[in-house]
Amino acid sequence: MTTLYQRLRELLSRACHLGVETGLLLQPVAAAEIALERPRQSSHGDLATNLCFSISKGTGKSPRAVAEAFVPLLRAADTEGWIAGAEVAGPGFLNLRLSETCWNSAILDTLQGGAAYGTSQAGHGEKVLLEFVSANPTGPLHVGHGRGAVLGDALGRVMRAAGYDVSTEYYINNVGNQVSKLGESVWHWLRAEGKRAAALEIWSRGEPVAFPDGFPEGFPEDGYRGGYIAQCAQDLAHAGAFSEAMAAVGSWADDTAWREADPASLTGRADNRTITVKSWQKMLERIRIDLERLDIRFDRWFSERGLHGLDADTLDSVSDCARRLVAQDWAYEGEPAAREGDDEEEAGDRAIFFRGTSEKIPKSFRDSKDRVIVRGDGRPTYFAADIAYHDQKLARGYDRLINILGADHHGYVSRLKGVLHALGDLRAQEGDPLAARWSGERLEVLLVQMVALLRDGKPVPMGKRSGEFITLRDVIDDVTTSDAASGRDAVRFIFLLRKADAQLDFDLEVARRTSMDNPVYYVQYGHARLASILDRARSEGKGLRDGALPTGLHLDDERELALLCAELPETIARAARSREPHQVAYYLTETCRAFHAYYTRNKADNRVITDDDATTQSRLMLVAALKQVLHNGLTLLGVSAPDRMVSLQEAGAEGSE
RNA sequence: GCGUCCAUAGCUCAGCUGGAUAGAGCAUCGGCCUUCUAAGCCGAGGGUCAAGGGUUCGAGUCCCUUUGGACGCGCCA
């Protein structure tokens with residue numbers, strides 16, 4: 001499907017070809033490279049292009065002179081009459097006034113496109129692996145995770161719409177010290193049934209479980225302290241099959257049972273014990289439920305255990321990668337080179353370090369220090385697993401990897417890119433014909449800044465030490481007003497109103513307020529208003545008919561709105577290219593603003609539904625097109641587009657507190 | 001100390017590969033509901049784009065320096 005902007009670019013490109021033929025220009029310009037933008041001032045026309053600045057280079061003429069010579073060529077190329085006026089402005093801008101044909105076709109494009117309107121092939125089917133959230137399954141998601149989740153999900157939707165072949169993935173960190181600690185914490189609660197019951201009682205009242213009073217004896221100082229751990233133990237204790245299996249472990253009374261491998265353990269490692277595995281599975285289940293409440297689902301949940309060969313039918317690719325890195329001198333055993341002569345060498349175990357500081361790594365990906373991949377005791381680090389994971393991502397055939405990480409992980413980015421470079425070199429040395437696929441350039445990392453939780457402008461305290469903090473679930477519950485969708489819509493839209501690298505204030509009070517300062521309602525109200533106009537027309541027997549034409553639109557407002565419809569595909573493609581879903585949110589807000597203004601301004605003497613059939617049909621087409629645009633845009637953001645909204649007064653009467 | 005990111009209206013933030021007179025919401029002030037949803041609209045005030053220098057036809061946007069803030073520099077994940 002071609003769009004208005006594409007047709008206009010083609011036209012400008014054709015004019016450039018004429019320019020080459022007549023000797024005005026040196027080279028033609030491809031349609032895709034032509035920038036079109038909507039000027040801020042209406043006196044500058046409907047669309048402007050700075051095309052003449054670039055094509056004048058090398059001609060010896062000024063951009064303005066080229067632009068003046070270009071106008072007649074544009075007229076000649078415009079055999080279909082898209083352009084109503086073209087004038088040169090300033091140092092060489094070309095301001096275009098578009099003909100009625102243009103805005104009519106914008107409306108027809110929208111209605112014909114339907115739910116698919118706005119999609120494009122801008123991404124050329126590039127295979128993208130989008131990894132996000134990937135929170136450790138050691139506790140509930142918090143607001144920061146929620147932001148990354150919403151951003152990643154919306155980005156996936158936007159990029160798919162723009163013609164990228166996107167897969168989404170959640171990497172489950174179910175190996176290592178953190179999950180071991182989780183298992184150990186749960187274990188202590190499992191043993192202390194009486195304490196557990198008391199703690200859950202305290203917890204259910206919303207109070208933090210006091211340490212050490214409410215905690216079982218011997219509970220580790222650095223264990224997970226949240227009340228959810230006691231809850232997890234409770235759930236496991238009541239799961240019949242599990243408690244039977246655990247009975248075989250023997251005594252619950254002392255730590256030896258914990259220290260010795262349980263029957264299901266293959267290696268005796270603490271992160272592979274039944275309690276540990278059951279615990280993180282429980283946590284992950286909760287995470288999955290929370291994400292589904294935000295309408296977020298992943299194409300794949302990728303288990304780190306598989307990389308270590310701990311899941312069924314998996315091999316230990318972490319060790320394999322480490323071995324190969326050592327074999328090609330990308331890793332070495334000993335003290336880190338960067339710290340040579342620093343301290344006296346300890347006569348302890350010798351770890352394996354990755355050469356992240358190697359000169360062979362492009363400077364922008366180079367690390368300041370060589371990092372450990374295998375500890376002195378032989379256990380691989382998180383980094384080692386991540387190496388194997390990203391190696392596998394590229395081996396699976398993705399052209400591009402996008403990771404969304406919390407901004408506090410930014411130090412990790414160049415390290416990971418450096419590794420991908422090393423893997424490319426490694427594979428080249430091994431004679432892999434596809435080695436060029438492995439490169440730091442393939443990886444893009446989006447860093448999401450923190451979320452500051454506020455209530456009525458004041459920061460909400462988060463006691464990280466006590467383990468009691470406001471979870472994502474709490475926040476969704478808190479901002480849910482009418483139906484289940486309202487919480488999701490508010491949370492998603494507010495997160496998407498900021499770009500990733502800006503800090504975000506999330507005010508619970510504003511988010512739950514069903515009033516003007518809550519931006520999500522503004523757009524949804526616009527959609528509902530459009531729907532209600534169409535309903536009204538139908539009920540008056542003046543509904544939109546098939547085959548109607550939008551030729552009865554003559555108001556400036558109407559032209560502006562039609563051209564805004566034409567911008568949706570542009571906006572989606574741009575948001576996808578720059579990985580910034582917030583651009584869609586801003587576009588929707590702006591389009592809504594234009595509609596509300598049109599509606600109110602013309603309420604008195606230019607209503608949509610009139611006695612003149614042609615005008616009514618035309619305006620209904622515009623209304624239907626706008627509704628489609630808002631609907632498609634909101635869907636990309638994962639926000640619902642209601643046809644009706646409960647009025648403020650009704651809601652207020654219902655929810656009198 | 002080294003590194004990454006950020007700094008735009010009173011507040012929270014947009015500003016598209018560098019483009020024309022820097023925008024929006026909130027807050028403040030003044031208007032608009034007999035008639036398709038007032039969760040709306042119209043208007044007013046509000047700016048040294050942190051500071052200084054550079055690149056060019058043109059800089060909020062790119063480069064350098066300074067200041068201020070966030071974060072990172074584990075055999076944690």
Side-chain angles (χ1 to χ4, degrees), chain A residues 33 35 37-41 43-44 48 50 53 62-64 89-93 95 134-136 138 173 175-179 181 304 336 348-353 367-369 371-377 379-383 385-386 406-414 447 449-450 457 497-499 501-505 507 510 513-522 524-526 528-537 539-540 570-571 574-575 577-578 580 582-583 585-586 589-590 592-593 595-601 603-604 607-609 623 644-649 651:
Chain A
E33 286 165 27
E37 62 174 20
R38 230 158 34 88
R40 292 199 190 88
Q41 280 173 271
S43 64
H44 289 155
N50 57 5
F53 288 91
S62 72
R64 193 175 168 102
F93 293 101
N95 291 339
S134 298
N136 287 350
T138 52
N173 277 162
V175 173
N177 294 339
Q178 301 302 322
V179 285
K181 207 185 288 174
E304 183 186 344
D349 300 318
R350 293 169 70 78
I352 296 174
F353 292 81
D367 208 339
S368 55
K369 208 171 151 186
R371 309 286 168 174
V372 173
I373 53 175
V374 181
R375 298 180 177 93
D377 62 7
R379 289 152 58 230
T381 60
Y382 169 84
F383 184 36
D386 229 19
D408 52 339
H409 289 85
H410 69 257
Y412 191 67
V413 176
S414 62
L447 297 171
Q449 287 288 342
M450 314 259 113
L497 223 41
R498 297 281 176 271
K499 57 180 171 189
D501 58 8
Q503 282 204 10
L504 181 137
D505 288 339
D507 195 313
V510 172
R513 209 175 289 161
T514 35
S515 71
M516 311 199 277
D517 44 2
N518 191 344
V520 65
Y521 292 104
Y522 185 81
Q524 290 186 320
Y525 175 58
R529 200 175 227 189
L530 288 159
S532 115
I533 294 173
L534 292 170
D535 272 350
R536 167 62 70 108
S539 69
E540 289 181 13
E570 296 288 308
T571 302
R574 197 174 69 225
R577 185 171 7 102
S578 57
E580 292 180 337
H582 78 273
Q583 294 191 11
Y586 274 90
T589 308
E590 194 194 335
C592 250
R593 189 185 343 277
F595 164 65
H596 284 310
Y598 166 70
Y599 175 91
T600 311
R601 266 203 293 266
K603 209 168 170 180
R607 309 195 126 222
V608 172
I609 302 163
V623 165
R644 259 179 51 79
M645 289 186 85
V646 184
S647 78
L648 191 58
Q649 290 78 7

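Residue numbering restarts at 1 for every chain, and letters A, B, ... go by the order of the sequence lines. All values below were derived from every heavy atom in this structure, side-chain atoms included, with hydrogens, water molecules and symmetry-related copies excluded.
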message: Among residues at least two apart in sequence or on other chains, which ones pass side chain to side chain contact (heavy atoms under 4.5 Å, CB included) with Asn173(A)?
response: Asn136(A), Pro137(A), Tyr171(A), Glu304(A), Tyr382(A)

Taking any heavy-atom pair under 4.0 Å as a contact, classify [X]: base, sugar-phosphate, or nothing.
{"X": "Arg593(A)", "answer": "sugar-phosphate"}
{"X": "Arg607(A)", "answer": "base"}
{"X": "Ala597(A)", "answer": "sugar-phosphate"}
{"X": "Ala537(A)", "answer": "nothing"}
{"X": "Arg371(A)", "answer": "sugar-phosphate"}
{"X": "Phe383(A)", "answer": "nothing"}

Candidate nucleotides [options], ranked by approach to the side chain of [X] - the nearest:
{"X": "Ala351(A)", "options": "rA77(B), rC75(B), rC36(B)", "result": "rC75(B)"}
{"X": "Arg375(A)", "options": "rA14(B), rC36(B), rC76(B)", "result": "rC76(B)"}
{"X": "Thr600(A)", "options": "rC76(B), rC75(B), rG40(B)", "result": "rG40(B)"}
{"X": "Lys369(A)", "options": "rC5(B), rC73(B), rU35(B)", "result": "rC73(B)"}
{"X": "His582(A)", "options": "rG15(B), rA77(B), rU12(B)", "result": "rG15(B)"}
{"X": "Tyr522(A)", "options": "rA14(B), rC41(B), rA77(B)", "result": "rC41(B)"}
{"X": "Ile609(A)", "options": "rA14(B), rC76(B), rC36(B)", "result": "rC36(B)"}
{"X": "Tyr382(A)", "options": "rG15(B), rC41(B), rA77(B)", "result": "rA77(B)"}
{"X": "Arg536(A)", "options": "rC5(B), rC41(B), rC36(B)", "result": "rC36(B)"}

Euclidean distance for [atom1], [N] against [M] (whole angstrom):
{"N": "rA59(B)", "M": "rA77(B)", "atom1": "C1'", "answer": "42 Å"}
{"N": "rC26(B)", "M": "rG43(B)", "atom1": "P", "answer": "14 Å"}
{"N": "rA70(B)", "M": "rG31(B)", "atom1": "P", "answer": "44 Å"}
{"N": "rU17(B)", "M": "rC11(B)", "atom1": "P", "answer": "28 Å"}
{"N": "rC13(B)", "M": "rG47(B)", "atom1": "C1'", "answer": "15 Å"}
{"N": "rA20(B)", "M": "rG58(B)", "atom1": "C1'", "answer": "10 Å"}
{"N": "rC63(B)", "M": "rC75(B)", "atom1": "C1'", "answer": "40 Å"}
{"N": "rC5(B)", "M": "rU21(B)", "atom1": "P", "answer": "31 Å"}

For [X] versus [Y], what's the shortest heavy-atom pair and its separation?
{"X": "Ala407(A)", "Y": "His410(A)", "value": "O-ND1, 2.9 Å"}
{"X": "Leu497(A)", "Y": "Pro519(A)", "value": "CD2-CG, 3.3 Å"}
{"X": "Tyr522(A)", "Y": "Arg593(A)", "value": "OH-CA, 3.0 Å"}
{"X": "Gln583(A)", "Y": "Ala575(A)", "value": "OE1-N, 3.9 Å"}
{"X": "Ala48(A)", "Y": "Asn95(A)", "value": "CB-OD1, 3.5 Å"}
{"X": "Phe383(A)", "Y": "Val372(A)", "value": "CD2-O, 4.0 Å"}

statement: Output row for RNA chain B, stems defined as at least 3 consecutive Watson-Crick or G-U pairs under 3.5 Å, is B:1-5 with B:69-73, B:10-13 with B:23-26, B:28-32 with B:40-44, B:50-54 with B:62-66

- line: By salt bridge (Lys or Arg N to Asp or Glu O under 4.0 Å), Glu37(A) pairs with (sequence neighbours left out) none

When the distance from [atom1] of [X] to [atom2] of [N] is rounded to whole Å, what number comes out?
{"X": "Lys603(A)", "N": "rU34(B)", "atom1": "NZ", "atom2": "C1'", "result": "11 Å"}
{"X": "Phe353(A)", "N": "rC73(B)", "atom1": "CZ", "atom2": "P", "result": "16 Å"}
{"X": "Ile533(A)", "N": "rC36(B)", "atom1": "CD1", "atom2": "C1'", "result": "5 Å"}
{"X": "Tyr599(A)", "N": "rG40(B)", "atom1": "OH", "atom2": "P", "result": "13 Å"}
{"X": "Glu580(A)", "N": "rC13(B)", "atom1": "CD", "atom2": "C1'", "result": "14 Å"}
{"X": "Tyr412(A)", "N": "rC73(B)", "atom1": "OH", "atom2": "P", "result": "12 Å"}
{"X": "Leu504(A)", "N": "rC6(B)", "atom1": "CG", "atom2": "P", "result": "16 Å"}
{"X": "His596(A)", "N": "rA24(B)", "atom1": "NE2", "atom2": "P", "result": "16 Å"}

- request: Please answer whether the main-chain N or O of Ala528(A) pairs with a side-chain N or O of Arg644(A) as donor and acceptor at a distance below 3.5 Å.
  value: no

message: Once ring pair (Phe, Tyr, Trp, His ring centres under 6.0 Å) is applied, do any residues pair with His582(A), and if so which ones, sequence neighbours excluded?
response: Tyr586(A)

N/O to N/O distances under 3.5 Å, protein versus nucleotides 19-22 of chain B:
unit_1, atom_1, unit_2, atom_2, d
rG19(B), N7, Asn50(A), ND2, 3.4
rA20(B), OP2, Arg40(A), NH1, 2.9
rA20(B), N6, Asn95(A), OD1, 2.6
rA20(B), N1, Asn95(A), OD1, 3.1
rA20(B), N1, Asn95(A), ND2, 3.0
rU21(B), N3, Gln41(A), NE2, 3.3
rU21(B), O4, Gln41(A), NE2, 3.0

Residues Glu590(A) and Arg38(A) bridged, charged N to O under 4.0 Å: yes

- request: For side chain to side chain contact (heavy atoms under 4.5 Å, CB included), just list the numbers for His44(A) and Phe93(A), CA-CA rounded to whole Å, side-chain angles, deciding distance to a tenth of an Å, and then say yes or no.
  value: CA-CA 10 Å; His44(A) 289 155; Phe93(A) 293 101; over 6 Å; no

Stepwise side chain to side chain contact (heavy atoms under 4.5 Å, CB included) check, Val175(A) with Arg379(A): CA-CA 11 Å; Val175(A) 173; Arg379(A) 289 152 58 230; over 6 Å; no

Pair Thr381(A)-Arg375(A), side chain to side chain contact (heavy atoms under 4.5 Å, CB included): steps then yes or no: CA-CA 7 Å; Thr381(A) 60; Arg375(A) 298 180 177 93; 4.0 Å; yes

query: In Å and rounded to the nearest 0.5 Å, what is the CD1 to CD1 distance from Ile609(A) to Ile533(A)?
result: 7.0 Å

Heteroatom pairs (N/O) under 3.5 angstrom, protein to nucleotides 1-4 of chain B:
unit_1, atom_1, unit_2, atom_2, d
rG3(B), N2, His410(A), NE2, 2.6
rU4(B), O2, His410(A), NE2, 3.4

query: Where does rC33(B) land, syn or anti, once you apply the within-90°-of-0 test for syn?
result: syn

